[in-house]
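Got a structure for you, written out below as structure tokens; questions coming shortly.
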Amino acid sequence: MAVKYELIKECKQSGARLGRVHTPHGVIETPTFMPVGTQATVKTMSPEELKSMDAQIILSNTYHLFLRPGHDIVKRAGGLHKFMNWDRPILTDSGGFQVFSLSEMRKITEEGVHFRSHLNGDKLFLSPEKAMEIQNALGSDIMMAFDECPPYPAEYDYVKKSLERTTRWAERCLNSHARPHDQALFAIVQGGMHKDLRIQSATDLTSMDFPGYAIGGLSVGEPKHLMYDVLDHTVPILPANKPRYLMGVGSPDALIEGSIRGIDMFDCVLPTRIARNGTTMTSQGRLVIRNAKFTDDFGPLDPECSCYTCQNYSRAYIRHLLKADETFGIRLTTYHNLHFLLELMRNVRQAIMEDRLLDFRDSFFTSYGLHDNDKGF
Ligand SMILES: [Zn+2]
């Protein structure tokens, strides 16, 4: 198998697990956060900068690379690692989520999804087989099975039909995957917020023996306690000797709560997206650096942060850059936010090692200003 999970230890206090995922491009220490490089770049960050903050793996989007520049170009460049000059692990999603969230005029059939490009309106088609062809051409270490992510809320009957089709699609992905020796294909558990449907999806997919499992269809607008309920009854069905990936989740509280529930991998555009709007995550909670009160604040974004931004630049300077629409300001907030989440996950791993993740959660929530599970980021 292309990817192998190694359990190091379980936290005696929380049940969270510390592990390693071995991939063709190196080892990932878990639980881990994956920065998102949608268009074969983590917006404004160079690969060297990502390495300097010790990003272990990044995620890239099949839908976007399919539309532009086209997977054939990436393949001719020698694969995505060479194309973007990133020699550490890469995970690619299946394109399913973007088809449903970005494109127009989509039509779902058993065969696949017909849709129009959000860039130029071209008529396009994605299917399990096409999603495998594209990801095989990209050459990511971890590929995702083509799935449908139903909206929230959605009718029970629709969610049931959708997840059953997603399971049939997962089998077609398995059958058309051309590079199982050096690319690991993860399946995606769906089922909305319904306990029996989640159990059905997880049971059916685990019987097919994928090298890893993702939980999709969460963080789509539901209250966080619902997401944690779904994790509570889904994760125990997933095999203990395979990596578990919670898709699209990246708020600090959800990263900690997900780790407590046995999740190994997370990804989200949140840290990079809010950075571009001038919002930063700090040890004292959210900070909207564009606010006027920071005009003459010459302290760092986060006095407890050791990142490049906080060691060298002040809140006043960063605010000035953002107000003046200078790209460097966005680079500084992006660097800090990504470093903050990667550092948070290093602290989570350390707390698991020392059997004190629940204590760590409580003290983090207090300093971050979170007192219940439904607060934002
Ligand atoms: Zn910082």
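Remember, it's 1-based here, ligands and their atoms both numbered in the order they're listed.
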Just by distance, do the side chain of Arg116 and the backbone of Asp122 share a donor-acceptor pair under 3.5 Å? no
The Zn ion (ligand 1) - closest N/O/S atom in His336: ND1
Confirm or rule out an N/O/S atom of Cys305, from backbone or side chain, lying less than 2.8 Å from the Zn ion (ligand 1). yes
Cation-aromatic face contact Arg172/Phe146, 6.0 Å, 45 degrees: no
Is the backbone N or O of Thr203 less than 3.5 Å from a side-chain atom of Thr206, with the two atoms forming a donor-acceptor pair by type? yes
What is the SG(Cys310)-the Zn ion (ligand 1)-SG(Cys307) angle, to the nearest 10 degrees? 110°
Flag this pair as yes if the NZ/CZ of Arg17 is under 6.0 angstrom from the six-membered ring centre of Tyr5 and inside a 45 degree cone about the axis; otherwise no. yes
